[in-house]
Amino acid sequence: MEPSNKDHHYHLLAAADSESESPFSADTQLKSDSKRQPTWPVLATGASDHPPEKLKATQPSLNKYALAGALLASTNSVLLGYDIGVMSGAALFIREDLNISTTQVEILVGSLNVCSLIGSLASGKTSDWIGRRYTIVLAAATFLIGALLMGLAPSFPFLIAGRVVAGIGVGYSLMIAPVYVAELSPALTRGFLSSLPEVFINGGILLGYISNYALSGMPQNINWRLMLGLAAFPAIAVALAVLAMPESPRWLVMKGRLDEAKQVLMRTSETKEEAELRLKEIAKAASSLLITSTPAAGTSLSSNWHGQGIWRELLLRPTRPIRRILIAAIGVNFFMQASGNDAVVYYSPEVFREAGIHNKKHLVGVTILMGIAKTSFVLVSALFLDRFGRRPLLLLGSIGMAISLACLGFGSKFLEFSGDKPDWAIGLCVVAVCSAASFFSIGLGPITWVYSSEIFPMRLRAQGSSLAIGVNRLVSGLVAMTFLSISREITFGGMFFALAGIMVVGTVFFYFFLPETKGKSLEEIGVLFEDQVHEEEDEENHKMLLC
């Protein structure tokens, strides 16, 4: 792609119902900076006469329609958060009521994450086939069935069956919510809106903790069933809420339904000109992607497109830019779960018990503090993502996690060799756990979903994201199913030191492989991974080393 001048030249798109003009006509080509320039919030007719600085002077507002759609889609993420939070307490009562071993507890906890791999990998193809909205309905319905099976489980095998079904639903929801929100959102507020799924995950975790605390006083054979079964209610709410949501405009364009896409963009944009520009960029990107992948098909978009051939393109014949995108997306998802955050949340009562807190009510109460910390800091991160960018918050969060996990390892090791278990060491462990969870919520928690949903080209987005999130769920399941066993061998202190080391490696990876995407449209982000951009960055790094 040839570089253009520094000014953005915008030309209005012909009306979608016009028969004389095609959205792929040569007169509607966008002439914008192909590398570094952001998409400006206010777009005017004849903007070629105005420098970007004047456009930037008007601050973007949060579109209410886009916000409503993002909130409704993100509600699906409450399901995973609630399960993570509620299982941390329910496992204490399940172990005693069903008389199961530590290994069975690990299988119980980790099975949902491993089985969510199925939903994650299937969700990309499914959403390309039936659309983003109905995939959200499918995710909620599947989780509803799983929640009912868990709440009514008379035995351990029956409980595992419920976890398997719920896990598939979780896998669907984890992929589809961020992708849907990213495709619906304007560029300058996409960071905030795309991080809402993580906000809702943390809200669900807090609800799970509160449910544990409120129901822990009930008979042991009833309380854990109610804890798990209550997840059916948010699943029903999500399925009903989808009826009010619009379909993703980018999916509509890929299906050739341009009129419907234009209507959605008109409601999620501040001006008609902005909506027309967004439609033009989306249509141009969709056309070029389909020409590249199916040259015989020409430039027309068709409802016959169902995401065919994507896996082959991703895994067997990726171009160099796509390979870079895969490394970035899979890497950030790997480190998100290799950090051990999910396992620490699941087994936080075990960690606190080892630290010297033995009362079950107190154990559940301390987890509520951690849930409040996680929810508070993920809100802070979401509010500042579009101001400070993805990279600074991601690096801050990963460095903070490394330090917090090292402090947790030190506190755990001290308590291991201390007979009297001093209060300061117990306090250090509690603060370190809350600190690690908070830094996760600042960085890896929300930003993983934002990156996964925005860096893939439009045609590859759903299935590429499903591949990256599939790795996320696989690593999460492996960590959850081995955390207690490994900790028995090397102690909790040794485990936390190992996790701190992993976060140090992750910080280095993020610094070198994840570019900044703040303020860019989804169509512009792909340029960041092109060869020419990387060659220039290598030259800049070389010059810095010589200075």
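Sequential numbering from 1 along the given sequence is applied to the chain's residues. Every heavy atom of this structure was used, including side-chain atoms; hydrogens, water molecules and symmetry mates were not.
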ask   = Are any of the side-chain heavy atoms of Phe200 and Leu80 separated by less than 4.5 Å?
value = no
ask   = Does Ser101 reach the main-chain N or O of Gln104 with its side chain, forming a donor-acceptor pair under 3.5 Å?
value = yes
inquiry  = Looking at Phe497, I'd like to know if its CZ atom is crowded, meaning that more than 12 non-hydrogen atoms belonging to other residues, nucleotides or ligands lie closer than 6.0 Å.
reply    = yes
query = Is there a side-chain contact (heavy atoms from CB on, under 4.5 Å) between Ser216 and Phe93 once you walk through the steps?
reply = CA-CA 8 Å; Ser216 60; Phe93 304 103; 3.7 Å; yes
query = Quick check: are there more than 12 heavy atoms from other residues, nucleotides or ligands sitting under 6.0 Å from CZ of Phe492?
reply = yes
query = Okay, side chain of Trp224, backbone of Ala91: is any donor-acceptor separation there less than 3.5 Å?
reply = no
remark   = Note: Phe143 and Ala235 closest approach over all heavy atoms is CD2-CB, 4.4 Å
query = Considering all heavy atoms of both residues, which atom of Leu79 and which atom of Ala140 are nearest to each other, and what is their separation?
reply = CD1-CA, 4.3 Å
Validation row: Asn202, Phe377 side chains within 4.5 angstrom (heavy atoms) = no
query = Is any side-chain heavy atom of Leu460 closer than 4.5 Å to a side-chain heavy atom of Leu314?
reply = yes
key: Donor-acceptor side-chain pairing of Thr135 and Ser127 below 3.5 angstrom   = no
ask   = Which of these, Ile136, Thr126, Val137, sits in a side chain to side chain contact (heavy atoms under 4.5 Å, CB included) with Tyr172?
value = Thr126
message = Could you check whether any side-chain N or O of Ser211 sits under 3.5 Å from a backbone N or O of Leu207, counting only pairs where one atom can act as donor and the other as acceptor?
response = no
message = With a sphere of 6.0 Å drawn around CZ of Arg95, does it hold more than 12 non-hydrogen atoms of other residues, nucleotides or ligands?
response = yes
request  = Start with the C-alpha distance between Met336 and Asn341, add both sets of side-chain angles, then the distance that settles side-chain contact (heavy atoms from CB on, under 4.5 Å), and finish with yes or no.
outcome  = CA-CA 8 Å; Met336 179 189 191; Asn341 176 77; over 6 Å; no
message = Between Asp342 and Gln337 (side chain of the first, backbone of the second, donor and acceptor by atom type, cut-off under 3.5 Å), is there such a pair?
response = no
message = So which atom in Met245 and which in Gly69 form the shortest heavy-atom distance, rounded to 0.1 Å?
response = CE-O, 4.4 Å
query = In terms of ring plane angle, is the pair Phe509 and Phe335 parallel, tilted or perpendicular, where the classes change at 30° and 60°?
reply = tilted
inquiry  = If you count heavy atoms of other groups shown closer than 6.0 angstrom to CZ of Arg387, is the number above 12?
reply    = no
ask   = What are the two closest heavy atoms between Ile455 and Ala328, and how far apart are they?
value = CD1-CB, 4.1 Å
ask   = Between OG1 of Thr507 and CD1 of Ile399, what distance do you get to the nearest 0.5 Å?
value = 5.5 Å
OG1 on Thr103 to CZ on Arg488, rounded to 0.5 Å = 5.5 Å
message = Whether the side chain of Ser74 engages the backbone of Leu71 through a donor-acceptor N/O pair (distance < 3.5 Å, no angle test) should be reported.
response = no
query = Backbone N or O of Gly85 within a donor-acceptor pair of the Asn212 side chain at under 3.5 Å?
reply = yes
ask   = With side chains defined as the heavy atoms from C-beta onward, is the minimum distance between Ile107 and Met481 less than 4.5 Å?
value = yes
inquiry  = How long is the straight-line distance from CG of Asn221 back to CG of Asn223, given to the nearest 0.5 Å?
reply    = 8.0 Å
request  = Determine the interplanar angle of the Phe410 and Phe414 rings, folded into 0 to 90°, and report it as parallel if under 30°, tilted if 30 to 60°, perpendicular if over 60°.
outcome  = tilted
query = Do Val264 and Glu247 pass the side-chain contact (heavy atoms from CB on, under 4.5 Å) test, and can you show the C-alpha distance, the side-chain angles, and the key distance before you say yes or no?
reply = CA-CA 8 Å; Val264 175; Glu247 183 52 88; 5.7 Å; no
task = Identify the heavy atoms of Ser381 and Pro446 that sit nearest to each other, and give their distance.
result = OG-CG, 3.4 Å
ask   = Take atom OH in Tyr65; do more than 12 heavy atoms of anything else shown fall under 6.0 Å from it?
value = yes
message = Within the 4.5 Å heavy-atom criterion, are Met150 and Asp83 side-chain neighbours or not?
response = yes
message = Whether the side chain of Ser116 engages the backbone of Asn113 through a donor-acceptor N/O pair (distance < 3.5 Å, no angle test) should be reported.
response = yes
ask   = Just wondering, do Ser185 and Thr268 contact through their side chains at under 4.5 Å, heavy atoms?
value = no
Nearest heavy-atom neighbours spanning Phe388 and Glu516 = O-OE1, 4.5 Å
query = Do we see a donor-acceptor contact under 3.5 Å between the side chains of Ser452 and Asn333?
reply = yes
query = Is the backbone N or O of Gly445 less than 3.5 Å from a side-chain atom of Thr448, with the two atoms forming a donor-acceptor pair by type?
reply = no
query = Out of curiosity, Leu72 CG to Leu184 CG, how far, rounded to the nearest 0.5 Å?
reply = 10.5 Å
message = Check Arg390 with Glu454, please: is the shortest side-chain N to carboxylate O separation under 4.0 Å?
response = yes
key: Arg391 side-chain N/O to Pro515 backbone N/O, donor-acceptor pair under 3.5 Å   = no
ask   = Are Ser194 and Pro178 close enough that some pair of their side-chain heavy atoms sits under 4.5 Å apart?
value = no
inquiry  = Working note: Phe192 + Leu385, criterion side-chain contact (heavy atoms from CB on, under 4.5 Å); need CA distance, chi angles, decisive distance, verdict.
reply    = CA-CA 6 Å; Phe192 169 71; Leu385 259 178; 5.7 Å; no
inquiry  = Consider salt bridge (Lys or Arg N to Asp or Glu O under 4.0 Å). Of Arg250, Arg133, Arg132, Arg190, which one does Glu183 pass it with?
reply    = Arg132
With sequence neighbours excluded, residues passing salt bridge (charged side-chain N to carboxylate O under 4.0 Å, His left out) with Glu198 = none
request  = Mark yes or no for whether Ser404, through its side chain, and Gly400, through its backbone, hold a donor-acceptor pair below 3.5 Å.
outcome  = yes
ask   = Rounded to the nearest 0.5 Å, how far apart are CG of Leu206 and CE of Met370?
value = 10.5 Å
ask   = Going by heavy atoms in the side chains, are Ser412 and Cys429 under 4.5 Å from each other?
value = yes
task = Hey, could you give me the CD1/CG distance between Ile130 and Leu138, rounded to the nearest 0.5 Å?
result = 5.5 Å
